[in-house]
Every structure is written in structure tokens, then in C-alpha cells.
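These notes concern the structure reproduced below.
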Amino acid sequence: MAAPIAVIDFETTGMAPAQGARATEVAIVLMEGEQVVDRFDSLMRTGVTIPPFIEQLTGISNAMLATAPPAEAVMREAARFVGSAPMVAHNAAFDSKFWQSELQHAGLAAPQPFACTVLLSRRVFPDAPSHSLGRITDHLGLPRTGRAHRALADAEMAAALLARMQRELCQRFGVPWPDHALLMQLQRCARQSIGKLLDRLSTGAAHTS
DNA sequence: TGCCAGGCCCTCTTTAGGGCCTT
């Protein structure tokens, strides 16, 4: 059985915690192999006002957050849900910063490594017209599981994309089912070196390099 | 809607510039 991987997505009030943005919703999909085995999803209340543009984009309103549980409690539960599983997000540079920031607000550490489905998608599907979550989902014919820009729907789509890429690596390149460490290695690999890396993956040599 | 940021990637690059991707 493949080790579990946690696919996460945040909805937020802005682009960066350093600018005062806070999370408004978090969703986590736990995957074993290509199977979704569990889900976590919650709105979270931080006291920060959602700008009108973000309200329109996500459908998450200030009124909805008024009755949401406090962010610290949600993040404690999210951290328990993830446990020690390594994490994946679509544009991980964004979600990992909010994961670290919101856990820090709750007094918790964020030790997990993040793999990024944007970087991986650019490697596995270099000819795709776009690697935004919605467009790569449509391009590959993957199901849309709910309203885009809601955390659970986006996390489900990112999980489906991850599973599709893992299957592609198995079928197209003959590599064993890639674990999180190999995905991290693949996403960092320069495009020109993909062939060599996949050869090493197929023989298992990448595990020891 | 598009700006704000930041990391990554590609090319007309490499002591840089511009586009993508996230809310």
C-alpha cells in the first residue's frame, strides 16, 4: 500500500500572509495510491475581512465566516488529520506559506515537505496549453467535483491531477508508483534532464541518488 | 478586473526580463 499523501487547498483573503492575508477555508484530501481515503474541509474565522473581489471569486462571504469555528481550532484539527503525511498542493509556494502561517498562529509547527502539482504538471504534460488547475483539469478530461475556488473542490481536482500524473508516469515511462520523495525530485528536475531521471526512476536508482 | 507577492520556468538568459500560478 502506498504511503498516504495529503493534498491541501486554502481559500484566503489575499495573496500572501506577509501582507496580512489570512485563510478563510482549508480542505485536505488524503490519498493512498490514487484512491481518496479521507477528506477534511472547514471554513475558519480569523477576524480579517474578505475583500469584495475575493468574496465574488470564492463565494465565501464575511457572513459565512461569522459563524465559522476559530482558525486556531480548525488548524489544530487539520494538523491532526494530516499527521506526518507529506503534502501536495497546486502552486505549493502559495499554500505552503498559508499552512505554515496558520499553524504558527495556532502555536504548531509545519514540518511537512510540499510537492507542487503545477511544477509536476509542467514536467509530465509539457504540451498542455495551461497548467492552471481548472484548465489542466479540463485538458485531461478529469472531473470537476464542485465549484472552483472552493477549497474542497480544488483539493479534489488537485488530487485527481496528482493521481493522473502518477498513473501517467507508470504507464508512459514504466516507472514504479512514484512516492512523495520521487515527486519532489521530479518537480525539481530540469526539463532537459527528464529522460535521464525517468530512466533512473524506472530502475529504482533515483531512490539512492 | 487587476493590482498587490513570491517562487519557478523559459528564453531574445546566465550580473535579466517576462510570464505563469495561487487568492
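Quick note: numbers below take in every heavy atom, side chains included, and nothing from hydrogens, waters or symmetry partners. Below, read A as the first sequence line, B as the second, and so on, with proteins coming before strands; counting in each chain starts at 1.
As judged by a 4.0 angstrom heavy-atom cut-off over every strand, A:D9 is placed among residues touching the sugar-phosphate backbone only. Here A:T58 lies in heavy-atom contact (under 4.0 Å) with sugar-phosphate atoms only. Backbone-only engagement by A:F10 is indicated by non-hydrogen atom pairs under 4.0 Å involving sugar-phosphate atoms exclusively.
The side chain of A:E11 has B:dT23 as its nearest neighbour among B:dG7, B:dA5, B:dT23. When the nucleotides B:dC21, B:dG6, B:dT23 are ranked by their closest atom to the side chain of A:T12, B:dT23 comes out on top. With B:dC21, B:dG7, B:dC4 as the choices, the nucleotide that has an atom nearest any side-chain atom of A:N91 turns out to be B:dC21. Minimum atom distance to the side chain of A:R123 is reached by B:dC9, of the listed B:dT23, B:dC9, B:dC21. Considering only side-chain atoms of A:R122, the nucleotide from B:dC4, B:dT22, B:dC9 that sits closest is B:dC9.
Between the A:T137 side chain and the A:L133 main chain, a donor and an acceptor come within less than 3.5 Å of each other. In this structure, A:T13 contributes its side chain and A:R22 its backbone to a donor-acceptor pair below 3.5 Å. Using modelled atom types, one side-chain atom of A:D95 and one backbone atom of A:F10 make a donor-acceptor pair closer than 3.5 Å. Side-chain atoms of A:E32 do not come within 3.5 Å of backbone N or O of A:A3 as any donor-acceptor pair. A donor-acceptor distance shorter than 3.5 angstrom exists from the side chain of A:H180 to the backbone of A:M87, with no hydrogens or angles considered. In this structure, the side chain of A:R144 engages the main chain of A:G134 through a donor-acceptor pair within 3.5 Å. Within the 3.5 Å criterion, the main-chain N or O of A:H131 finds a donor-acceptor partner in the side chain of A:H90.
Rounding to whole angstrom units, CZ of residue A:F125 and C1' of B:dC9 are separated by 18 Å. Rounding to whole angstrom units, CG of residue A:L161 and P of B:dT22 are separated by 11 Å. Rounded to whole Å, the distance from CZ on A:F94 to P on B:dC4 is 16 Å. Going from atom CG of A:L57 over to atom P of B:dT1 covers 9 Å, rounded to whole Å. With rounding to whole Å, A:I136 atom CD1 is found 15 Å from B:dC20 atom P. One interatomic measurement links the two molecules: NZ of A:K97 to C1' of B:dC4, which rounds to 15 Å at whole-angstrom precision. What separates CG of A:D95 from P of B:dA5 is a distance of 19 Å, to the nearest Å. The interatomic distance linking A:D127 (CG) with B:dC20 (P) rounds to 17 Å, in whole Å.
The P atoms of B:dC8 and B:dC12 are separated by 23 Å, rounded to the nearest whole Å. Comparing the same atom, P, in B:dG19 and in B:dC4 gives a spacing of 13 Å after rounding to whole Å. Rounded to whole Å, the separation between the P atoms of B:dT15 and B:dC20 comes to 25 Å. The separation of B:dC3 from B:dG18, taken at their P atoms, amounts to 14 Å, rounded to a whole angstrom.
Along DNA chain B, the nucleotide closest to A:P129 and the one closest to A:A16 are compared, and the more 5′ of them pairs with A:A16. Comparing A:G14 and A:Q19, the nucleotide of DNA chain B nearest to each residue sits closer to the 5' end for A:Q19.
Considering only heavy atoms from C-beta on, A:E25 comes within 4.5 Å of A:D41 through its side chain.
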Problem set entry | Working for salt bridge (Lys or Arg N to Asp or Glu O under 4.0 Å), residues A:R39 and A:E156 | CA-CA 9 Å; A:R39 295 169 176 83; A:E156 297 258 19; 2.4 Å; yes
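The side chain of A:H131 places no N or O atom within less than 4.0 Å of a non-bridging phosphate oxygen (OP1 or OP2) of B:dC20. Contact check, A:S130 against B:dC21: a side-chain N or O comes under 4.0 Å of OP1 or OP2.
A heavy atom closer than 4.0 Å to some atom of DNA chain B occurs in A:H149, A:D154, these being the qualifying members of residues 137-160 of chain A. Looking at residues 45-56 of chain A, you'll see A:F53, A:I54, A:Q56 sit with a heavy atom under 4.0 Å from some atom of DNA chain B.
Scanning both residues, A:I50 and A:N62, for their nearest heavy atoms gives N-OD1, 2.8 Å.
One distance of note links CD1 of A:I136 with CE of A:M157; it measures 12.0 Å at 0.5 Å rounding.
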